[in-house]
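Reading through the structure tokens given below for one structure.
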Protein chains: 4
Amino acid sequence: MANNITQPSPTHQALIDQGIINAPSSAKGRLLQAAATLFKEKGYERTTVRDLGKAVGIQSGSLFHHYPNKEAILRAVMKETIVRNTELMKAALAQSKEPADKVLALIRCELESVLGETGAAMTVLVYEWRSLKEESQQEILKLRDIYETLWISTLSAAKESGAVVIDPFVLRRLLTGALSWTVNWYRQEGDLTVEQLAQMALSLAIKPI
Amino acid sequence: MANNITQPSPTHQALIDQGIINAPSSAKGRLLQAAATLFKEKGYERTTVRDLGKAVGIQSGSLFHHYPNKEAILRAVMKETIVRNTELMKAALAQSKEPADKVLALIRCELESVLGETGAAMTVLVYEWRSLKEESQQEILKLRDIYETLWISTLSAAKESGAVVIDPFVLRRLLTGALSWTVNWYRQEGDLTVEQLAQMALSLAIKPI
Amino acid sequence: MANNITQPSPTHQALIDQGIINAPSSAKGRLLQAAATLFKEKGYERTTVRDLGKAVGIQSGSLFHHYPNKEAILRAVMKETIVRNTELMKAALAQSKEPADKVLALIRCELESVLGETGAAMTVLVYEWRSLKEESQQEILKLRDIYETLWISTLSAAKESGAVVIDPFVLRRLLTGALSWTVNWYRQEGDLTVEQLAQMALSLAIKPI
Amino acid sequence: MANNITQPSPTHQALIDQGIINAPSSAKGRLLQAAATLFKEKGYERTTVRDLGKAVGIQSGSLFHHYPNKEAILRAVMKETIVRNTELMKAALAQSKEPADKVLALIRCELESVLGETGAAMTVLVYEWRSLKEESQQEILKLRDIYETLWISTLSAAKESGAVVIDPFVLRRLLTGALSWTVNWYRQEGDLTVEQLAQMALSLAIKPI
DNA sequence: TATGAATGAGCTTTCATTCAT
DNA sequence: GATGAATGAAAGCTCATTCAT
């Protein structure tokens, strides 16, 4: 979806070229991918730097060649994830016109992030917040604000159009919980497609016309 | 199970008397309360047995007279919470008649658990799952099944009555996420009451008639 | 020398009773003695906490039951040494009347500290200064000032009496170097007694009458 | 050895031309200068090869093209220093006639070494001895013996002339300590000149006539 | 020669757990 | 039951050294 050249937002590749995020094939990129997976599965605290090293095929000491400490790896996982998803959401919004369509686009986008390849990193973003130092939290929070502003703007527009009934802030928060929790139960192999799930979530959020 | 619902549910005191859960004033009870709070705030891994000991005014070594190891404390927190909440839900259900009222009762009940005094323990139940040993997870899972069956029965009845449109299993899972996530944003001091929040959540779950 | 009951200054035992320094037979006391020896022989940096543990017959982890970190052990070695020696010097001064005698008393006292049982700790005090954190240095510096004031007062009095010719501050500093360096060459087993050495050092410091 | 003293000592440049020491402007020379400074300020152990590399503007790995290991850098610092100072002392002695003048020349020479540009290296020579491997210590010791022999010869001659009273070996050792310790307190900016300080040290060493 | 990623041994420190008192 | 000193395994991290480029 992001590789649609016609959309105005920078593509994933552009983010890599600008040095904002690491290429998945680079040493750092592979480390972050492995870290996301391990942090999701075992939790940040229970994942040792030796685990991380083994997962990418280097010694634990070598990790510190790339990141100054373990927490910086967690921070990088979170940062890249939120930056990447913000861009995906911008691109998705640009392709929709109607308020309800835009809401569906965001829901679909967030579900794809949570349940797709970047799902591990998304889960880490939600569950490992407390493991960040206070100052790292502030840093990520700023990025998160940009992301959340996209949601609030879209829901507010939907409210004005009458598609949404309840307060956009409360609705966003209820949706945040509902959508991020899917990582704990949704199975790709089951009968329910992500698109169907998105439609169901949408049906909760907006008034049937 | 549904036949149980109509029975008068045992009170909290009864659970204590039966030795199923610990009195909050007992040594064990105070420990579990403190543990829930610490586990919620710092996370299970970052909470040390010294922290736990200090919180209840004993040496860390003395904890092991009450529980064989740290994980057993986590398990006890989770177990008591789920048992207590199951009973609260049974009691709440017994006081409602209409399907939609029953759904509201469950939502209210879960929100009160998450946002009230037992909120710390509820949060631990959601966020510290991975810190349990496999066999402990199985044990809690059984208790959780009882709890979840109450939800599914109620939502299924609501579906049959036409109040609910989407699949009860999916709906329950979306609600689980939405309601448990409130712990991360709801503030008692704000304008929104828990009852209002419950109503808003209900408005998502059921079709307006 | 310090066990002379008639002197006004608190005895070594009194310092122990007051909790200012640790009894050599206590766990902490034995650790500090061993630490002084190892720090002197290998240097602070090259002495590992495993070395320290082995020297007192405990696991390295157990050291942190007594001191919060390795640097605190170094600090304690220095602190105890300077406190003990200050008391020894006060006692020695109290037994002399004439300015030149007092100077000799101080020289003898410092030599005995450097070359006797506490020599290792004295050497550490001189050579491992840079291994202390800035704030620890300040702490020790205050104690050192008390010690140095005894020297300066005594040399100043000797200057006034005509026994000393050069500036007391410069003289003290030259003596500091000369006396502390003895640890690197003086051998107890040789022909030269500490008393003779003290007399020789005195002959440098004061004008022959 | 005494017969050497009258020979015109090779200049610093000659030592460089002979490949005995490195030109200060050469890569190796700059490294040794930087190493001396860092070793003095932070201590050998606390100075990392990264620190050394940064100080001379190369990567840490590149250091090992110049020296086989870190200890070799320390050894080179010490070696160059002692060789250079031996030559300086020979030159200084050659310009004095009277025994007391010769003693003053040595004192002045050593003070200038300790307090001047090569002070860092001199300090390293004194304080980092234990960081040398046993065999490196032997190597430096041989060079040091040459240096010390100059001192002992000079002091012995002064003793025979009556200018010195106490045993030359003991005197030399007391002076070693007194002079090297100056690095810890002497400040160029203060009122006391190095020459005055040398005179004061001399006044301790020799009998006033 | 220089680079810089990688090594791997070893460091200090943490912490759940034990146990004699 | 409670204490608190001790354990010992394992954690995060450091750093001299190597080596392909």
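Values below: every heavy atom of this structure, side chains too, minus hydrogens, waters and symmetry copies.
- Under the 4.5 Å side-chain criterion, counting only non-hydrogen atoms from C-beta, A:S131 is in contact with A:L74.
- Residues A:E128 and A:M78 meet the side-chain proximity criterion, which asks for heavy atoms closer than 4.5 Å.
- In this structure, D:K54 places its NZ atom 14 Å from P of E:dG4, rounding to the nearest Å.
- The phosphate of E:dA2 (OP1 or OP2) has a side-chain N or O of D:H66 nearer than 4.0 angstrom.
- Atom-to-atom, CZ of D:R75 to P of F:dA16 comes out at 16 Å; the value is rounded to the nearest Å.
- Side-chain contact between D:L31 and D:Y67 is present, with at least one heavy-atom pair separated by less than 4.5 Å.
- Base-pair partner of E:dA20: F:dT3 (Watson-Crick or G-U wobble, both distances under 3.5 Å).
- Side-chain contact check for B:E71 versus B:S136: some heavy-atom pair is nearer than 4.5 Å.
- Counting heavy atoms from C-beta on, the side chains of B:V49 and B:F64 come closer than 4.5 Å.
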So which protein N/O to nucleotides 13-16 of chain E N/O distances come out below 3.5 Å?
unit_1 : atom_1 : unit_2 : atom_2 : d
E:dT13 : OP2    : C:K70  : N      : 2.8
E:dA16 : OP1    : B:K70  : NZ     : 3.1
E:dA16 : OP2    : B:V49  : N      : 2.7

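- F:dA10 atom P lies 17 Å from atom CG of A:L52, rounded to whole Å.
- In this structure, NZ of B:K28 is placed 11 Å from P of F:dA2, rounded to the nearest angstrom.
- Phosphate contact (OP1/OP2 of F:dA5, side-chain N/O of C:H65, threshold under 4.0 Å): present.
- The phosphate of E:dA6 has neither OP1 nor OP2 within less than 4.0 Å of any side-chain N or O from A:Q59.
- Nucleotide F:dA16 holds its P atom 15 Å from the NZ atom of D:K133, rounded to whole Å.
- Rounding to whole angstrom units, CG of residue A:L63 and P of F:dA11 are separated by 13 Å.
- The CG-P distance, from A:L74 to F:dC13, rounds to 12 Å in whole Å.
- Counting only heavy atoms from C-beta outward, the side chains of C:T81 and C:V124 never approach each other to under 4.5 Å.
- The shortest distance between side-chain heavy atoms of B:E41 and B:T37 falls below 4.5 Å.
- A:D51 places its CG atom 7 Å from the P atom of F:dA11, with the value rounded to the nearest Å.
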